[in-house]
**Student:** 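Please see the structure below; I have some questions.
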There are 2 protein chains.
Amino acid sequence: MLNQTTSNAAEKNWQDRNPGRVLPAKSVLYHQGDEAAHFYRVNSGIVMIYRLLEDSKRQITGFCTAGDFFGLSPDENYHETAVTVGTSNVAGFTMNDVSRDPELQRELFTRTCDRLEDAQNMMMTLSKKSAGEKVAAFLVMLVKRQKRRAGESEESFDIRLPMSRLDIADYLGLTIETVSRRLTILKTEGIIELPSRHTARVCRLNRLESLAGALA
Amino acid sequence: MLNQTTSNAAEKNWQDRNPGRVLPAKSVLYHQGDEAAHFYRVNSGIVMIYRLLEDSKRQITGFCTAGDFFGLSPDENYHETAVTVGTSNVAGFTMNDVSRDPELQRELFTRTCDRLEDAQNMMMTLSKKSAGEKVAAFLVMLVKRQKRRAGESEESFDIRLPMSRLDIADYLGLTIETVSRRLTILKTEGIIELPSRHTARVCRLNRLESLAGALA
DNA sequence: CGTGAGATTGATGCAAGTCAACGACCGTGG
DNA sequence: CCACGGTCGTTGACTTGCATCAATCTCACG
């Protein structure tokens, strides 16, 4: 329905027109409540988007990776906070840039639709999946994302977990304890290994996928 | 950031250009998996959007009311099902219509951003709120939506609940029993009355709002 | 090497799900 | 018009998965 331009030429193109700037880990792009002046695109790295409730409960609404846009606001202020997880390259835009650039406009719209799609899938995950399914699905997502860049086709994958356990918990709607427990269960069953705090090795991807639960 | 055209003139305009067609309750606009040929706008009534998992768990991702767009797909097929809840007027569009009509294009984009916003708020609700908070928040949402049309300023409001208890449950990520129990608790505490299955009278709106839990 | 934040592991409690029975309403047909 | 059947909703008893509370562990950094 929305024919995306996925050619390499187009991808190069958007980066060239706005090379962005490099930010160290944990840089805040904007805070919830700030005046919404720009929106952004991730050129490389990961940016974490979250919302805080008054009682300081936090929901991470997404981890944005290369190509994802974030920071659009329906009104004058941001409704969320954006922070880099690792070192990242991020380009800023204004709505003026968009009106000048039909290509950017198309890209922005399709990406926004994709994010809506993701958000709605996440609604399913958050409300219908068990803790075990959530953690498995999270790991599968990371494999899928990181496979793109590496492009290998083995049966086991080393994936990076640049975010803390608390971040994972706040993304999946769980507690750190539950995330930890589910990870050790997966380790015990030989489905993954945990060489270090921020690395996981998926040994049985298909087992993991089946544990991730039913799909749409 | 996205300056919406909320003038009455503009609203009249979009309806005139595509008057849509009237559908009875429970009409299916499209099924999950169907080829995605059109997208739609609600002119009047309510359209319910949901996703089904293979194991038949269902998540209602939204109740669309006048002005809302739905049925955009990131690829060739719909990822969700759309059904009218009550009698509704719905207009169909294609991406060609969009490229021909800059006004529609703008409207579609801002509405899509709004829906993304809603979806992300819903993620918070689904994962961080208790059953009581969810039900209260749901009722408050209905009051807000239905107040727009009526425009009165009393302290108690009759609201219609055109959807079934199961629909409410699948929207909030609860069971019918829990929804029912929370409603009777609210009734017992004199915050609402339930004159009929599909009507609720909110007596203490501010009490209800405080029960709906913390906001962003 | 310490030291402290982050991660794991264990013991216990509770909110919501599940299972089951009953009640109320609505449309249909006698 | 009312009696009936079936769907939808309510209420109650019980179960359970995850949160909570509380140690302990570990490893990244000075």
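What you are looking at is a predicted structure, and each value in this text was computed from that prediction instead of being measured.
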**Student:** Does a side-chain N or O of A:S180 approach OP1 or OP2 of C:dT9 to a distance below 4.0 Å, or not?
**Tutor:**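 No, no such contact exists.
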
**Student:** Between B:M48 and B:I46, is a side chain to side chain contact (heavy atoms under 4.5 Å, CB included) present by the stated rule, with each step listed?
**Tutor:** CA-CA 7 Å; B:M48 179 171 89; B:I46 305 186; 5.7 Å; no

**Student:** Does anything in residues 78-91 of chain B pair up under side-chain hydrogen bond (donor to acceptor under 3.5 Å, both in side chains), and if so which pairs, sequence neighbours excluded?
**Tutor:**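 Applying side-chain hydrogen bond (donor to acceptor under 3.5 Å, both in side chains) to every pair that reaches into residues 78-91 of chain B, excluding sequence neighbours, yields A:E117-B:H79, B:Y30-B:E80, B:N43-B:N89, B:D75-B:H79.
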
**Student:** B:L142 and B:F157: side chain to side chain contact (heavy atoms under 4.5 Å, CB included), yes or no, with the steps?
**Tutor:** CA-CA 10 Å; B:L142 289 183; B:F157 306 90; over 6 Å; no

**Student:** Which pairs, protein N/O on one side and nucleotides 14-20 of chain C N/O on the other, fall under 3.5 Å?
**Tutor:**
{"residue": "C:dA16", "atom": "OP1", "partner": "B:A131", "partner atom": "N", "Å": "2.6"}
{"residue": "C:dA16", "atom": "OP2", "partner": "B:R182", "partner atom": "NH1", "Å": "3.4"}
{"residue": "C:dG17", "atom": "OP2", "partner": "B:T175", "partner atom": "N", "Å": "3.4"}
{"residue": "C:dG17", "atom": "OP2", "partner": "B:T175", "partner atom": "OG1", "Å": "3.2"}
{"residue": "C:dG17", "atom": "OP2", "partner": "B:T178", "partner atom": "OG1", "Å": "2.5"}
{"residue": "C:dT18", "atom": "O4", "partner": "B:R181", "partner atom": "NH2", "Å": "2.9"}
{"residue": "C:dC19", "atom": "N4", "partner": "B:E177", "partner atom": "OE2", "Å": "3.0"}

**Student:** Looking at side-chain heavy atoms only, is the closest gap between B:F138 and B:V179 below 4.5 Å?
**Tutor:** no

**Student:** Let me test you: for the helix from C:dC1-D:dG30 to C:dG30-D:dC1, what is the angle between the axes at its two ends (five pairs each), rounded to 10 degrees?
**Tutor:** 40°

**Student:** State, with a plain yes or no, whether a side-chain heavy atom of B:Y171 is found less than 4.5 Å away from one of B:K134.
**Tutor:**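 Side-chain contact under 4.5 Å: no.
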
**Student:** Could I get the full list of salt bridge (Lys or Arg N to Asp or Glu O under 4.0 Å) partners for B:K57, not counting sequence neighbours?
**Tutor:**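 Counting only residues at least two positions away or on another chain, B:K57 forms a salt bridge (Lys or Arg N to Asp or Glu O under 4.0 Å) with B:D55.
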
**Student:** Show me the protein contacts with nucleotides 14-16 of chain D, counting only N or O atoms at under 3.5 Å.
**Tutor:**
none

**Student:** Does B:R111 pair with B:D118 as a salt bridge, N-O distance under 4.0 Å?
**Tutor:** no

**Student:** Parallel, tilted or perpendicular: which describes the rings of B:F93 and B:F39, with under 30° parallel and over 60° perpendicular?
**Tutor:**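 Because their plane-to-plane angle is under 30°, the rings of B:F93 and B:F39 count as parallel.
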
**Student:** Could you list by number each residue of residues 186-199 of chain A showing a heavy-atom separation from DNA chain C of less than 4.0 Å, or answer none if no residue does?
**Tutor:** A:R197

**Student:** Using the side-chain heavy atoms of A:S164, tell me which of these nucleotides is nearest: C:dT9, C:dA7, D:dG9.
**Tutor:** C:dA7

